[in-house]
Amino acid sequence: MYRLAQFSPTIVAVLMALFPAPEGLTPEAWYFFSIFVGVVIGLIVEPVPAALVGLAGVTVVAMLGLVDPSPAASRSWALSGFSNSVIWLIFAAFMFALGYQKTGLGKRISLILIKFLGRNTLGLGYAIAFADGILSPFMPSNTARSAGTIYPVVSNIPPMFNSTPDHDPRKIGAYLKWVGIAATCVTSSMFLTALAPNLLALDLIQQASGVTISWGHWASVMLPAMVPLFLLTPWLAYVIYPPTQKQSPEAPAWATSELQKMGKISRKELMMLGYAILALVLWIFGKQIGVDSTMAAIFVLTLMVLTNILSWEDVITNKSAWNVLVWFATLVAMASGLSKTGILDWLGNLVAAYLQGMPPSTVALMLVVLFFVLHYFFASTTAHTTALLPLFMATAAPLMPAPMLAKLALMLAASLGLMGIITPYATGPAPIWYGSGFISQARWWALGAIFGAIFLGTMVILTLVYI
């Protein structure tokens, strides 16, 4: 069975390619689509690392000349993702995350919040959420932010109250773990740079429809909706999945002790804080002063290296950042191939035929709900984005005016973070929090359905108001 799963991407691609091309598609386009579907399946089952899946797909397509018969043009297409500005913005932001971890600033922020908010269990929930919220604009990997920075701090708290996966998990541990994953799902939709697939989605949207979305525009639309949801999330978890331990006086004392071990805030931590604020200011106001967001991120990264916040060795050995760069660059190229070969227009017209005659606002709402619910079938937000976002944009394009299409694009992209709550595998940090063992699989799926409905309901309301 394992061997079958290993070869399933290749098997599916070959079987699809053996069928004749549907009416409206050239044989080359159909072969490309077969390989694209194989790549998506590869991203889901991961028989090899995801970046290698994308690299293999791009290489095979280029070698066969399926996008363009010219070898030079095929080469340019295959490498086009590596010159994409969004990909380098993601790369630079991953380096910011490393700066938080290396300087200890992320850990200090979490401990300070526990010290001042952690006198009761609900306060601990808010401390976890606020720590994630403070870090989220600068850390596009919610796995690094939530699982890598916040989870190790939170994991020290339940044992103080004799709450373990095997002994009284509901006392405090299960509540804290659920708040940890729920909060990061909300913050992942709150800011453009809080989730790497958000940035990938923007590039796919621009390729599919020409719509561009800035950091400031995303924040201006999403913050009014996400901030109330963010503030409610720890309380909702406290009501829906209440801990039996209501007070936690030991937690602030422990946090105080840990802060004493860390010592006074260091010069590098202060510098890291300053660089994070500089990057945020340039992302928000860069357009007004003529500074590109990607160049702003690379500029701040350069300052971090020149001032020894990070070493050049840190940059060239950051496997996560380089892995994501290769992974997303190849997926961007593959997604552009969907447009170049005419597949997007073909799929869009095929699906749009079933939605003809419906009001554009109804179509938009249906697409937002369907896009969210279909995430039950994906173990990767990136795979979900790559497979469905171009299709949904192509479907909507002939059915609604351009201004409404631009608004729908934001609603689809912004839902990517929230949908991470629905299953134990729906987003990067979910397996880490679930793997702690405090919440059973059945309970996780039930809570995921409840919170998923609440999160989706928020997006539905926002869609109705915004579109």
Side-chain angles (χ1 to χ4, degrees), residues 100-101 104-136 139 142-187 230-263 265 269 420-421 424 427-440 443-444 447-448 451:
Y100 269 104
Q101 293 172 340
L105 181 59
K107 180 180 179 181
R108 186 180 294 275
I109 289 171
S110 301
L111 290 171
I112 289 172
L113 288 168
I114 291 171
K115 176 181 176 180
F116 289 103
L117 297 176
R119 290 181 178 82
N120 55 61
T121 309
L122 181 59
L124 278 174
Y126 275 100
I128 294 167
F130 287 149
D132 197 294
I134 291 170
L135 297 174
S136 60
M139 299 181 75
N142 63 354
T143 303
R145 179 174 76 248
S146 181
T149 303
I150 297 172
Y151 177 84
V153 176
V154 174
S155 293
N156 288 287
I157 299 173
M160 298 180 200
F161 303 93
N162 199 24
S163 177
T164 68
D166 300 319
H167 177 77
D168 212 357
R170 286 292 300 275
K171 190 173 185 180
I172 192 171
Y175 167 75
L176 296 183
K177 303 294 182 178
W178 185 254
V179 171
I181 185 60
T184 205
C185 289
V186 178
T187 59
F230 173 75
L231 294 175
L232 279 172
T233 293
W235 177 80
L236 286 171
Y238 193 81
V239 172
I240 296 170
Y241 193 50
T244 58
Q245 174 87 29
K246 305 299 182 183
Q247 301 299 317
S248 54
E250 294 91 338
W254 168 77
T256 301
S257 171
E258 290 296 306
L259 286 167
Q260 288 173 349
K261 292 178 185 176
M262 291 185 73
I265 188 167
E269 287 177 85
I421 195 66
T427 188
I432 308 299
W433 292 99
Y434 168 69
S436 66
F438 280 88
I439 304 173
S440 68
R443 177 68 68 179
W444 190 288
L447 288 170
F451 277 76

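Ser257 places no side-chain N or O within donor-acceptor distance of the main-chain N or O of Ala253, the cut-off being under 3.5 Å. Side chain of Tyr175 to main chain of Pro234: a donor-acceptor pair is present (N/O by atom type, distance under 3.5 Å, no hydrogens or angles). In this structure, the side chain of Ser110 does not engage the main chain of Ala131 through any donor-acceptor pair within 3.5 Å. Between the side chain of Ser248 and the main chain of Gly118, a donor-acceptor pair closer than 3.5 Å is present.
In summary, of the residues considered (Asp132, Thr427, Thr184), a side-chain hydrogen bond (donor to acceptor under 3.5 Å, both in side chains) with Asn142 occurs for Thr427 alone. Each of Leu259, Leu117, Thr256, Ile134 was scored for a side-chain contact (heavy atoms from CB on, under 4.5 Å) with Ile112, with one residue passing: Leu259.
Residues forming a ring-ring contact (aromatic ring centres under 6.0 Å, His included) with Phe161 (at least two apart in sequence, or on another chain): none.
Put simply, CD1 on Ile181 and CD1 on Ile432 are 9.5 Å apart, with the number rounded to the nearest 0.5 Å. Met262 CE to Lys107 NZ: the interatomic distance, rounded to the nearest 0.5 Å, is 5.5 Å. Atom CD1 of residue Ile109 and atom CD1 of residue Ile150 lie 9.5 Å apart, to the nearest 0.5 angstrom. In this structure, CG in Asn162 is found 4.0 Å from NE2 in His167, a value given to the nearest 0.5 Å. Separating the OG1 atom in Thr121 from the NZ atom in Lys171 is a distance of 10.0 Å, to the nearest 0.5 Å. Once rounded to the nearest 0.5 Å, the distance linking CD1 of Ile439 with CG of Leu447 reads 6.5 Å.
Residue Gly420 comes nearest to Cys185 through the heavy atom pair C-SG, 3.5 Å, listed as atom of the first residue, atom of the second, then distance. Shortest non-hydrogen contact noted between Val179 and Gly125 is CG1-O, 3.3 Å. Tyr126 and Leu231 make their closest contact through OH-O, 2.6 Å (heavy atoms, listed as atom of the first residue, atom of the second, distance). The minimum heavy-atom distance linking Gly133 with Thr187 is given by the pair CA-CG2, 3.8 Å. Closest of all the heavy-atom pairs between Pro252 and Arg119 is CG-N, 3.8 Å.
Inter-residue side-chain proximity for Tyr434 and Lys177 is flagged as unmet; no heavy-atom pair is nearer than 4.5 Å. At a threshold of 4.5 Å between non-hydrogen side-chain atoms, the residues Glu258 and Ile114 do not count as touching. Put simply, the side chain of Tyr151 reaches to within 4.5 Å of the side chain of Ser436, judged on heavy atoms.
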Side chains of residues 235-247: which donor-acceptor partners sit under 3.5 Å, not counting sequence neighbours?
unit_1 : atom_1 : unit_2 : atom_2 : d
Gln245 : NE2    : Gln247 : O      : 2.6
Lys246 : NZ     : Pro243 : O      : 2.7

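Below 30°, between 30° and 60°, or above 60°: for Phe130 and Phe230 the angle between ring planes is between 30° and 60°, a tilted geometry.
Here Trp444 and Trp178 bring their ring centres to under 6.0 angstrom of each other.
The number of heavy-atom neighbours closer than 6.0 Å to CZ of Arg170, taken from other residues, nucleotides and ligands shown, is above 12.
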